[in-house]
Amino acid sequence: MELDGALRAVNRSAQLLLPAARVGADLRDTGPAWLAEAHRDGTPSVGWVGERSFEAHPVRHEDHSTTWWLVEDTEARLAREALRVERSRAEFLSEASTALLGSLNLHRCMEVAASLAAEHLADAALVIAPGQRRRYPVTYCARGAEPEHSLLEFDPDDLPGLGEALQGFPPVPSRWIDPASAPEWLVPQGFGEIGAIVVTPLPGHGVPAGALVLLRRGGRPVFSEDEEIFARLFAARSGAAMSAAHVFAQQASITETLMRELLPPALEQVSGVEFAGGYRPSQDSEHVGGDFYDVHPGPDGETLAVLGDVCGKGLEAAVLTGKIRNTLQALLPMAGDHRRMLDLLNGALVNSHDTRFVTLVLASAVRDRAGVRLRLTCAGHLPPLVVRANGQVEEAETAGTLIGVLPQINTTTAEVTLGPGETCLLYTDGITEARGGPLGNELYGEERLRRALTECGGMPAEAVVERVQMLASQWVGNNAHDDMAVLAITAPRGQHLTAVGGHGRGRYTA
């Protein structure tokens with residue numbers, strides 16, 4: 001080939017590859033543009049001739065002519081391109097998995113799946129979650145737009161393959177779906193003509209997580225078989241993330257429901273008697289544990305208060321706590337007889353073969369003119385402390401054996417009368433056995449609790465509880481501790497101006 005591009009010689013292979021090439025012709029008129037440009041620059045090059053790829057290598061001669069050798073590399077080039085595509089897809093799937101698993105919120109997972117699919121797989125995408133009564137949660141996203149949530153009512157069989165995909169069956173090939181027959185709800189406003197549709201299931205953990213629908217505008221190439229396979233790989237990751245989010249939402253809902261039953265109740269004034277309680281679990285990250293308290297109003301004006309401590313900590317202890325509280329609820333008709341009530345509870349725990357036990361204190365309170373009469377019965381529990389109006393602290397004379405250990409129990413009941421402003425404090429050993437203080441490992445102890453209570457004479461029940469909790473928390477600091485529960489029963493100071501037995505804090509005379 002001459003320096004100006006004129007062909008000096010053309011071999012048979014070159015003539016077969018470039019039929020227009022002949023001696024004396026100009027390469028720019030007979031060959032591919034990329035080869036003419038390479039000859040002008042005098043550098044090796046690569047390019048396509050029809051559907052075949054070639055590497056062009058120049059050999060220069062002393063007379064300034066150049067011989068070009070074309071070596072076909074179609075298969076190698078296609079293999080490199082396929083490898084590049086696979087690497088790009090693998091990188092996308094990895095990033096998609098990270099983004100999808102970054103949230104356990106189902107709506108957020110649907111948003112991420114729709115956005116990624118619209119950006120990398122199609123012009124628009126719909127993520128459809130399982131529905132009820134033909135009402136389906138749908139997240140739609142067009143390329144470059146924000147995802148939108150809606151609850152649509154439709155028949156999934158209106159779109160070929162969608163009903164099967166929502167049930168987890170294999171996808172219908174895209175070529176089987178006529179874009180012109182797409183239902184109205186599928187076509188986003190302003191999207192234009194649909195050129196191709198892909199419907200693929202979102203497989204979950206044991207049950208289908210929904211379906212993914214990809215839309216491509218008219219005028220663009222239809223989805224290839226390779227693209228459909230890649231869409232299924234993406235759908236598998238999206239479905240796993242959505243399924244995990246759904247399971248998490250179910251577990252959170254169940255946990256919240258159960259937690260409401262296990263949490264200590266909010267207390268108020270009942271039948272003219274003040275009740276206040278406080279609870280702190282052994283682990284600040286948890287909400288329940290082995291300590292509990294309850295207040296049960298009675299039909300005859302006598303209210304039963306219960307405070308207990310189940311052996312152990314955390315959720316396992318809380319489960320037994322729930323069983324004990326439910327059993328005591330069922331035994332409320334016998335609240336007038338503490339011994340009988342505790343005997344039945346003990347029998348129920350012993351027969352359950354549970355290795356855990358519980359300590360309890362029962363307190364029946366009834367308003368008696370300006371004061372409150374109490375019946376107190378301990379079963380293996382610390383005796384209640386009575387705080388008189390002048391700050392004097394007394395220990396109730398009641399004792400008993402643990403519940404859930406021996407076939408028979410022994411208990412003694414004490415009767416106490418509270419004057420206006422006087423309080424009976426029920427508490428668990430998490431208070432007195434709290435370790436901390438200046439040395440970091442000293443027990444708070446009953447003596448410190450008594451001294452703290454001498455300053456609580458005449459205080460409302462809520463104030464007494466707050467002070468005891470505050471002092472115990474300050475003593476513990478950041479140290480580990482057991483569950484702490486406190487329940488205060490107080491005779492209100494002065495006369496209650498609303499109806500005796502009414503609820504709420506009410507108003508009092510001076």
Main-chain N/O of [Y] paired to [X] side chain as donor or acceptor, under 3.5 Å:
X: Ser45; Y: Ala56; value: no
X: Asp41; Y: Thr43; value: no
X: Asp429; Y: Thr432; value: no
X: Arg216; Y: Asp123; value: no
X: Ser150; Y: Leu152; value: no
X: Ser238; Y: Phe234; value: yes
X: Thr139; Y: Glu111; value: no
X: Asp309; Y: Asp291; value: no
X: Arg40; Y: Ala36; value: no
X: Arg217; Y: Phe191; value: yes

Pairwise distance [atom1]([X]) to [atom2]([Y]) - rounded to 0.5 angstrom:
X: Leu121; Y: Arg89; atom1: CG; atom2: CZ; value: 8.5 Å
X: Ile194; Y: Leu186; atom1: CD1; atom2: CG; value: 5.0 Å
X: Glu228; Y: Ser174; atom1: CD; atom2: OG; value: 4.5 Å
X: Phe230; Y: Thr200; atom1: CZ; atom2: OG1; value: 12.5 Å
X: Leu345; Y: Leu328; atom1: CG; atom2: CG; value: 5.0 Å
X: Ile324; Y: Thr321; atom1: CD1; atom2: OG1; value: 6.0 Å

Given side chains that start at C-beta, do those of [X] and [Y] come closer than 4.5 Å, heavy atoms only?
X: Tyr293; Y: Val306; result: no
X: Asp343; Y: Ile409; result: yes
X: Leu362; Y: Leu342; result: yes
X: Val112; Y: Ser115; result: no
X: Asp155; Y: Arg134; result: yes
X: Leu487; Y: Leu267; result: yes
X: Trp34; Y: Val49; result: yes
X: Ile197; Y: Leu214; result: no

Exercise for the section: Tell me, with the steps shown, if Arg77 and Ser53 meet side-chain hydrogen bond (donor to acceptor under 3.5 Å, both in side chains). Expected result: CA-CA 7 Å; Arg77 190 167 181 178; Ser53 174; 2.9 Å; yes
Practice task
Kindly determine whether Arg175 and Val222 satisfy side chain to side chain contact (heavy atoms under 4.5 Å, CB included), including the steps that lead there.
Solution key: CA-CA 8 Å; Arg175 63 183 182 275; Val222 298; over 6 Å; no
Practice task
Show your working on side chain to side chain contact (heavy atoms under 4.5 Å, CB included) between Leu7 and Val23 and close with a plain yes or no.
Solution key: CA-CA 5 Å; Leu7 296 176; Val23 175; 5.6 Å; no
Handout entry: Arg22 atom CZ, over 12 foreign heavy atoms within 6.0 Å
Key =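 12 or below, so no.
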Exercise for the section: Evaluate whether atom CH2 of Trp48 has more than 12 neighbouring non-hydrogen atoms of other residues, nucleotides or ligands under 6.0 angstrom away. Expected result: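 Atom CH2 in Trp48 is crowded, with more than 12 foreign heavy atoms closer than 6.0 Å.
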Minimum-distance pair of heavy atoms, taken over all atoms of [X] and [Y]:
X: Ala165; Y: Ala211; answer: CB-CB, 3.9 Å
X: Gly430; Y: Asp482; answer: CA-CB, 4.1 Å
X: Val465; Y: Gly277; answer: CG1-C, 3.7 Å
X: His481; Y: Pro281; answer: CE1-O, 3.1 Å
X: Gly195; Y: Pro179; answer: O-CG, 3.3 Å
X: Ala118; Y: Ala124; answer: CB-CA, 4.2 Å

Exercise for the section: Establish, yes or no, whether a centroid distance under 6.0 Å links the rings of Tyr136 and Phe154. Expected result: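 Yes: the rings meet the under 6.0 Å criterion.
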Handout entry: Within the 6.0 Å centroid threshold, strictly below: Tyr279 and Phe292
Key =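 When the ring centroids of Tyr279 and Phe292 are compared, they turn out to be at least 6.0 Å apart.
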Exercise for the section: Would you mind telling me which of His61, Arg8, His57 makes a side chain to side chain donor-acceptor pair (under 3.5 Å) with Thr67? Expected result: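 Per the side chain to side chain donor-acceptor pair (under 3.5 Å) rule, the option paired with Thr67 is His61, out of His61, Arg8, His57.
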Practice task
List for me each residue that meets side-chain contact (heavy atoms from CB on, under 4.5 Å) alongside Phe169, sequence neighbours excluded, and say none if there are none.
Solution key: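 side-chain contact (heavy atoms from CB on, under 4.5 Å) list for Phe169, sorted by chain: Glu164, Gln167.
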Practice task
For side chain to side chain contact (heavy atoms under 4.5 Å, CB included), just list the numbers for Leu35 and Trp68, CA-CA rounded to whole Å, side-chain angles, deciding distance to a tenth of an Å, and then say yes or no.
Solution key: CA-CA 9 Å; Leu35 183 57; Trp68 284 92; 4.0 Å; yes
Under a 4.0 Å N-O cut-off, is there an ion pair linking [X] with [Y]?
X: Glu153; Y: Arg135; value: yes
X: Asp294; Y: Arg325; value: yes
X: Asp483; Y: Arg280; value: no

Practice task
Report the C-alpha separation of Val476 and Arg435 in whole Å, then their side-chain angles, then the decisive distance to 0.1 Å, and conclude whether the side chain to side chain contact (heavy atoms under 4.5 Å, CB included) test is met.
Solution key: CA-CA 6 Å; Val476 169; Arg435 290 187 177 273; over 6 Å; no
Exercise for the section: Could you walk me through whether Glu72 and Arg52 pass the salt bridge (charged side-chain N to carboxylate O under 4.0 Å, His left out) test, one step at a time? Expected result: CA-CA 7 Å; Glu72 184 174 1; Arg52 300 164 68 184; 2.9 Å; yes
